[in-house]
*Asks:* 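If you scroll down you'll find the structure; I have some questions about it.
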Amino acid sequence: DVQLVESGGASVQTGGSLRLSCKYSNLPPTMNSLGWFRQAPGKEREGVSLLWTNDGASIYADSVKGRFTISYAKDNEMIYLEMNSLQPDDTAMYYCAAGSISYNEYKRLDRRAFRLWGQGTQVTVS
């Protein structure tokens, strides 16, 4: 069956760095996007960064652009999120996800398009 398992969440100081990892397995071959979402208390889940796996392209939310970097180790079935210059507003549960989605949904970082989710890993910045 499909599995996505996040790790690497922690409590860090403002301005610090963190790397999140997601190990996936048994994804349907039709999956064309992998990436990261986050959800803070009282807020909707929002897209952070996605990979378009057909060509390795990536997209970022404006709030993290220039600070976060997504990467993909296809042979090891891993995705990563390098997080730098962390701010308190980055505090959230971070989830990896996979989907078979449209290009328009990819451009919108649309959480509604994703049906396969990990369990989440907590990032707290103070």
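Only a predicted model underlies this, so the values are computations on that prediction, with no experimental measurement involved.
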*Asks:* Using side-chain heavy atoms (C-beta onward) and a distance below 4.5 Å, is V5 in contact with S25?
*Replies:* no
*Asks:* Are R112 and E105 ion-paired here, with the side-chain N under 4.0 Å from a carboxylate O?
*Replies:* no
*Asks:* Once you round to the nearest 0.5 Å, how far does CG of L18 lie from OG of S11?
*Replies:*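 Taking CG in L18 and OG in S11, the distance rounds to 9.5 Å.
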*Asks:* Which heavy atom in A92 sits nearest to a heavy atom in A40, and how many Å separate them?
*Replies:*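 Reported closest heavy-atom pair: CB-N, 3.9 Å.
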*Asks:* Okay, side chain of S49, backbone of I59: is any donor-acceptor separation there less than 3.5 Å?
*Replies:*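 Yes, S49 side chain to I59 backbone: donor-acceptor pair under 3.5 Å.
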*Asks:* Rounded to the nearest 0.5 Å, how far does CG of L4 lie from SG of C96?
*Replies:*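 Answer for the SG-CG pair, C96 versus L4, is 4.5 Å.
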*Asks:* In residues 75-83, what donor-acceptor pairs under 3.5 Å come from side-chain atoms, sequence neighbours left out?
*Replies:*
none

*Asks:* Supply the atom-to-atom distance R45 CZ to M93 CE, rounded to the nearest 0.5 angstrom.
*Replies:* 8.5 Å
*Asks:* How many angstroms lie between CD in Q39 and OH in Y95, if you round to the nearest 0.5 Å?
*Replies:* 5.5 Å
*Asks:* With a 3.5 Å distance limit and no angle check, can you tell me whether E6 reaches the backbone of T121 through a side-chain donor-acceptor pair?
*Replies:*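 Not confirmed, E6 side chain does not pair with T121 backbone.
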*Asks:* Kindly indicate whether the side chain of N32, heavy atoms from C-beta on, has any atom under 4.5 Å from the side chain of T30.
*Replies:* no
*Asks:* When rounded to the nearest 0.5 angstrom, what is the spacing between CD in Q122 and CG in L20?
*Replies:* 10.5 Å
*Asks:* So if you build clusters from Ile, Leu, Val, Met, Phe, Trp, Tyr with side-chain heavy-atom gaps below 4.5 Å, do V123 and L109 land together?
*Replies:* no
*Asks:* Decide side chain to side chain contact (heavy atoms under 4.5 Å, CB included) for K23 and Q3; before the verdict, give the C-alpha distance in whole Å, the side-chain angles of both, and the deciding distance to 0.1 Å.
*Replies:* CA-CA 8 Å; K23 178 70 174 73; Q3 295 185 21; over 6 Å; no
*Asks:* With heavy-atom distances below 4.5 Å as the criterion, would you say the side chains of K43 and R38 are in contact?
*Replies:* no
*Asks:* Whether the S17 and N84 side chains hold a donor-acceptor pair (N or O, under 3.5 Å, no angle test) is what I'd like checked.
*Replies:*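 Yes, side-chain donor-acceptor contact under 3.5 Å.
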*Asks:* Does the side chain of Y60 reach to within under 4.5 Å of the side chain of V48, using non-hydrogen atoms?
*Replies:*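 Not in contact.
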*Asks:* Taking the side chain as C-beta and beyond, is there a heavy-atom pair between L50 and F114 under 4.5 Å?
*Replies:* yes
*Asks:* Determine yes or no for a side-chain-to-main-chain donor-acceptor pair under 3.5 angstrom, with S33 supplying the side chain and L51 the backbone.
*Replies:*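 Yes, S33 side chain to L51 backbone: donor-acceptor pair under 3.5 Å.
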*Asks:* Could you tell me if the side chain of L27 sits less than 4.5 Å from the side chain of L34, heavy atoms only?
*Replies:* yes
*Asks:* Can you measure from CG (N26) to CE (M31) and round to the nearest 0.5 angstrom?
*Replies:*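 The distance works out to 12.5 Å.
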*Asks:* Would W117 and F37 count as a ring-ring contact (aromatic ring centres under 6.0 Å, His included) here? Give the steps.
*Replies:* CA-CA 10 Å; W117 297 89; F37 294 77; 5.0 Å; yes
*Asks:* Would you call R111 and E46 a salt bridge, using N to O less than 4.0 angstrom?
*Replies:* no
*Asks:* Would you please classify the geometry between the W52 ring and the Y103 ring as parallel, tilted or perpendicular, with 30° and 60° separating the classes?
*Replies:* perpendicular
*Asks:* Between the main-chain N or O of V125 and the side-chain N or O of T91, is there a donor-acceptor pair closer than 3.5 Å?
*Replies:* yes
*Asks:* Should Y72 and I101 be regarded as members of a common hydrophobic cluster, given that ILVMFWY residues are connected when their side-chain heavy atoms come within less than 4.5 Å of each other, either directly or indirectly?
*Replies:*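 Y72 and I101: separate clusters.
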